[in-house]
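In what follows, a single structure is set out as structure tokens and then discussed.
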Amino acid sequence: MKTIHLIGIGPGNPDQVTLEAVKTMNTVDVFFMLEKAGRGKDELLAVRREILERHVSHPHRVVTAPSPRRNREDPHYAGGVVAWRDERIDVIGRLIDTELEDGQTGAFLVWGDPSLYDGMIESLVLLKARDTLDFEFTVIPGITSVQALTARHRIGLNRIAETITITTGRLLEDVAAESVTNAVVMLDSRAAYHRFAETGHDVYWGAYLGTPDERLVAGPVAEVAPVIDAEIEAGRARHGWIMDTYIVRKPRTEP
Ligand SMILES: C[S@@+](CC[C@H](N)C(=O)[O-])C[C@H]1O[C@@H](n2cnc3c(N)ncnc32)[C@H](O)[C@@H]1O
């Protein structure tokens with residue numbers, strides 16, 4: 001039997017790796033790293049390697065493999081995601097099969113927490129269901145980019161007795177802006193916060209959270225949307241990529 005740990009490593013700051021993650025990393029024989037093509041991949045891999053250097057003394061190997069590319073031209077979004085996910089499961093299965101001996105422990109370092117907009121848990125569940133490999137897996141939680149965002153802005157995720165929704169820029173387009181009380185928006189490449197300029201919402205925005213390049217902006221959307229636009233443009237120009245998350249929040253109407 002082989003063991004695989006999915007270890008949440010936080011949103012990019014080696015200080016935000018939990019003690020449980022560190023303990024678990026020090027039992028691992030092989031760390032698998034799936035390299036995504038495209039901008040930012042070197043920096044994201046470098047953070048993972050820095051975390052290993054800082055926190056791991058147990059002898060281990062690092063095995064990298066290219067992660068399949070998603071076909072973003074596919075007009076059928078869900079179908080495209082499923083095909084890409086299946087290809088990724090093939091790659092993960094091959095790594096576990098060929099790079100890990102029976103009785104050994106492998107791990108994938110997952111950005112933030114494995115439960116939040118990450119496909120690794122589902123991939124391992126589906127891989128197990130194929131019944132072609134003898135392995136067990138565990139999930140070690142990590143600090144999410146959402147927690148890093150709220151901590152930096154010194155805000156709660158919601159105010160007392162309010163709802164909180166976590167969504168993406170794409171999904172937010174189908175929601176009436178007035179109906180949103182608190183929404184965390186991730187994976188937004190379309191500046192969906194602009195929709196809240198007319199409704200009086202506030203926004204709490206953060207990019208490269210937890211890294212030395214962290215950027216924060218907060219205020220009424222109507223006032224700060226151009227500031228966020230400029231930050232995103234500057235971040236992209238400087239790094240070639242951006243990772244940003246924000247909360248849009250309806251101002252309180254009663255005391
Ligand atoms: C594929 S999701 C992964 C989320 C991750 N599992 C987590 O727990 O934060 C990637 C999105 O997370 C957000 N994100 C991840 N790391 C971030 C960071 N350091 N700063 C700002 N946003 C981040 C961005 O919205 C990005 O588009």
Side-chain angles (χ1 to χ4, degrees), residues 5-18 20-21 33-48 50-51 67-70 72 77 80-81 84-85 88 92 107-124 139-155 157 164-173 182-193 203-218 227-229 231-236 238-248:
H5 299 299
L6 296 185
I7 305 176
I9 55 166
N13 179 349
D15 285 345
Q16 290 176 348
V17 176
T18 70
E20 186 185 17
M33 297 198 187
L34 294 181
E35 292 179 302
K36 284 195 182 138
R39 294 164 158 193
K41 76 171 169 62
D42 295 342
E43 282 159 87
L44 298 181
L45 271 185
V47 170
R48 288 180 167 85
E50 189 189 339
I51 285 173
S67 181
R69 277 199 94 145
R70 203 170 97 208
R72 290 178 191 273
Y77 176 77
V81 171
W84 167 74
R85 184 198 65 193
R88 217 162 75 118
I92 294 167
F108 292 87
L109 303 182
V110 178
W111 204 254
D113 180 78
S115 69
L116 187 63
Y117 288 116
D118 185 273
M120 279 304 292
I121 294 180
E122 190 187 20
S123 295
L124 288 193
V139 177
I140 309 296
I143 292 179
T144 67
S145 49
V146 179
Q147 291 161 294
L149 178 74
T150 53
R152 286 293 180 266
H153 282 292
R154 299 182 299 168
I155 57 169
L157 207 43
I164 168 80
T165 303
I166 302 182
T167 188
T168 66
R170 173 193 288 265
L171 291 170
L172 199 61
E173 288 188 343
N182 300 284
V184 175
V185 186
M186 308 182 72
L187 295 158
D188 180 15
S189 55
R190 50 194 78 201
Y193 45 85
V203 61
Y204 299 86
W205 176 90
Y208 314 106
L209 290 158
T211 76
D213 300 310
E214 181 173 281
R215 305 296 298 166
L216 300 171
V217 175
V227 181
I228 298 174
D229 291 345
E231 285 283 357
I232 291 174
E233 204 184 315
R236 286 219 175 97
R238 184 152 173 230
H239 298 268
W241 60 284
I242 188 157
M243 259 198 314
D244 64 330
T245 306
Y246 58 91
I247 295 177
V248 278

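Counting convention: from 1, in listed order, for ligands and their atoms alike.
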List, for ligand 1, each N/O atom that has a protein N/O partner under 3.5 Å away, with both atom names and the distance.
from	atom 1	to	atom 2	distance (Å)
ligand 1	6 (N)	W111	O	2.9
ligand 1	6 (N)	D113	O	3.1
ligand 1	6 (N)	L116	O	2.8
ligand 1	8 (O)	D113	N	2.8
ligand 1	9 (O)	S145	N	2.9
ligand 1	9 (O)	S145	OG	2.6
ligand 1	14 (N)	S145	OG	3.3
ligand 1	16 (N)	W111	NE1	2.9
ligand 1	19 (N)	P11	O	2.9
ligand 1	19 (N)	L209	N	3.3
ligand 1	19 (N)	L209	O	3.0
ligand 1	20 (N)	L209	N	2.9
ligand 1	22 (N)	T245	OG1	2.7
ligand 1	25 (O)	L187	N	3.1
ligand 1	25 (O)	D244	O	2.7
ligand 1	25 (O)	T245	OG1	3.1
ligand 1	27 (O)	L187	N	3.3

Please lay out, stage by stage, how W111 and Y117 fare under the test ring pair (Phe, Tyr, Trp, His ring centres under 6.0 Å). CA-CA 10 Å; W111 204 254; Y117 288 116; over 10 Å; no
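Across every non-hydrogen atom of S67 and R88, the tightest pair is OG-CD, 3.7 Å.
Residues passing the salt bridge (charged side-chain N to carboxylate O under 4.0 Å, His left out) test with E35, sequence neighbours excluded: none. The salt bridge (charged side-chain N to carboxylate O under 4.0 Å, His left out) search around R190 returns E173, not counting sequence neighbours.
In the displayed structure, R215 atom CZ is contacted under 6.0 Å by at most 12 heavy atoms of other residues, nucleotides or ligands.
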With a cut-off of 3.5 Å and sequence neighbours excluded, list every side-chain donor-acceptor pair involving residues 146-154.
from	atom 1	to	atom 2	distance (Å)
Q147	OE1	T144	N	2.7
Q147	OE1	T144	OG1	3.1
T150	OG1	V146	O	3.3
T150	OG1	Q147	O	3.1
R152	NE	E214	OE1	3.2
R152	NE	E214	OE2	2.9
H153	NE2	W205	N	3.4
H153	NE2	W205	O	2.9

